[in-house]
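Quick notes on the structure that follows.
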Amino acid sequence: MCILKMIFLVATLIFGMPLISRAGEPYFVAPSGKPICFSIESLERQLCISPGQLSGVIMVVLPNADQGKLVCEGVEVEAYDYLPRDVLEWLVYVPYGPESNDSVGLIPDAEDADYAVVSLITSDLPRINSVSIPVGLYAWRQAHRAYWSDALATLAVMTQSGNPQTA
């Protein structure tokens with residue numbers, strides 16, 4: 001299992017919600033209104049599959065019909081289509097509007113690969129990517145801030161009440 005997947009799972013279990021921008025999930029981004037072209041290398045890297053090991057994918061969940069469509073070699077992709085490695089470079093997400101935030105679900109044909117949700121984003125706005133903040137450091141900083149916030153608030157109340165002693 002990929003380290004990013006493990007970190008995401010632990011963070012979700014501890015905090016009860018995902019970090020900013022679904023950290024660790026694979027995604028493809030294009031400018032507003034432009035199609036998103038897939039690449040084998042990027043899919044393998046984002047799905048934590050060794051280079052050259054991805055034989056193909058089964059498209060399980062397609063984009064929302066009102067957001068856009070997946071096209072491969074000029075043909076619209078249907079649910080449960082198997083796309084071999086040699087056609088993945090021709091896989092394109094065509095958005096219907098200028099801004100879209102959609103996703104597809106796929107099963108990679110590779111050893112030790114699991115079902116994955118791939119986000120498809122077309123926007124000119126910058127993407128917040130929480131992968132740049134290590135989860136352990138993030139959690140430590142949040143706990144540190146919460147501790148000192150509570151400690152200073154307690155000290156302020158004790159000082160205002162005329163009892164400067166701390167427990």
Side-chain angles (χ1 to χ4, degrees), residues 1-139 141:
M1 184 179 236
C2 178
I3 285 188
L4 288 177
K5 286 182 184 178
M6 289 173 43
I7 291 172
F8 181 69
L9 177 63
V10 169
T12 302
L13 292 173
I14 292 172
F15 298 113
M17 61 182 183
L19 298 176
I20 300 168
S21 185
R22 296 180 283 191
E25 286 188 12
Y27 64 91
F28 287 89
V29 180
S32 275
K34 302 291 184 191
I36 296 174
C37 299
F38 287 70
S39 77
I40 294 169
E41 292 80 17
S42 184
L43 266 174
E44 286 178 329
R45 184 180 68 254
Q46 292 190 55
L47 296 175
C48 301
I49 297 171
S50 300
Q53 297 301 310
L54 181 63
S55 300
V57 297
I58 299 171
M59 301 306 295
V60 180
V61 179
L62 298 175
N64 291 327
D66 59 338
Q67 292 275 324
K69 65 180 178 179
L70 277 178
V71 178
C72 188
E73 295 184 319
V75 179
E76 190 169 346
V77 176
E78 300 291 328
Y80 301 101
D81 278 354
Y82 177 79
L83 304 174
R85 181 183 182 88
D86 58 339
V87 301
L88 285 177
E89 290 288 339
W90 299 100
L91 185 61
V92 177
Y93 170 72
V94 181
Y96 291 144
E99 302 277 327
S100 75
N101 186 357
D102 211 342
S103 62
V104 295
L106 54 88
I107 300 173
D109 183 6
E111 190 175 326
D112 295 330
D114 295 326
Y115 173 83
V117 176
V118 178
S119 296
L120 306 170
I121 302 166
T122 58
S123 176
D124 289 332
L125 298 173
R127 177 176 162 78
I128 298 172
N129 190 353
S130 64
V131 176
S132 61
I133 303 172
V135 173
L137 179 60
Y138 177 80
R141 284 186 179 167

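The figures that follow rest on heavy atoms only: side chains count, while hydrogens, waters and symmetry mates do not. Owing to the predicted nature of the structure, the values given are computational and were not obtained by experimental measurement.
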Could you check if a side-chain atom of Tyr115 sits within less than 4.5 angstrom of a side-chain atom of Val61, using non-hydrogen atoms only? yes

For the residue pair Val118 and Tyr27, establish whether any side-chain heavy-atom pair is separated by less than 4.5 Å. no

Table please: side-chain donor-acceptor pairs of residues 65-78 below 3.5 Å, with sequence neighbours left out.
none

Check whether Ser50 reaches the backbone of Gln53 with its side chain - one donor and one acceptor, N or O, closer than 3.5 Å. no

Distance from Leu91 atom CG to Ile40 atom CD1, nearest 0.5 Å? 10.5 Å

Tightest non-hydrogen contact, residues Pro35 and Pro95, listed as CA-CD, 3.9 Å

Minimal heavy-atom distance between Pro63 and Leu120, with the atoms involved, is CG-CD1, 4.4 Å

Got a second to check how far Cys37's SG is from Trp90's CH2, nearest 0.5 Å? 10.0 Å

Closest non-hydrogen atom pair between Val57 and Pro108, with its separation: CG1-CA, 4.1 Å

With rounding to the nearest 0.5 angstrom, report the CZ to OG distance, Phe28 to Ser39. 5.5 Å

Donor-acceptor pair, distance only, cut-off 3.5 Å: does the side chain of Asp109 make one with the backbone of Ser55? no

State the CG-CG distance between Leu106 and Leu62, to the nearest 0.5 angstrom. 10.5 Å

Between Thr122 and Lys34, is there a donor-acceptor pair closer than 3.5 Å when you use the side chain of the first and the backbone of the second? no

Report, as yes or no, whether the 6.0 Å neighbourhood of atom OH on Tyr80 holds more than 12 heavy atoms from other residues, nucleotides or ligands. no

Between atom CD1 of Ile121 and atom OG of Ser100, what is the distance when rounded to the nearest 0.5 Å? 8.5 Å

Roughly how far, to the nearest 0.5 Å, is CZ of Arg85 from CG of Leu54? 6.0 Å

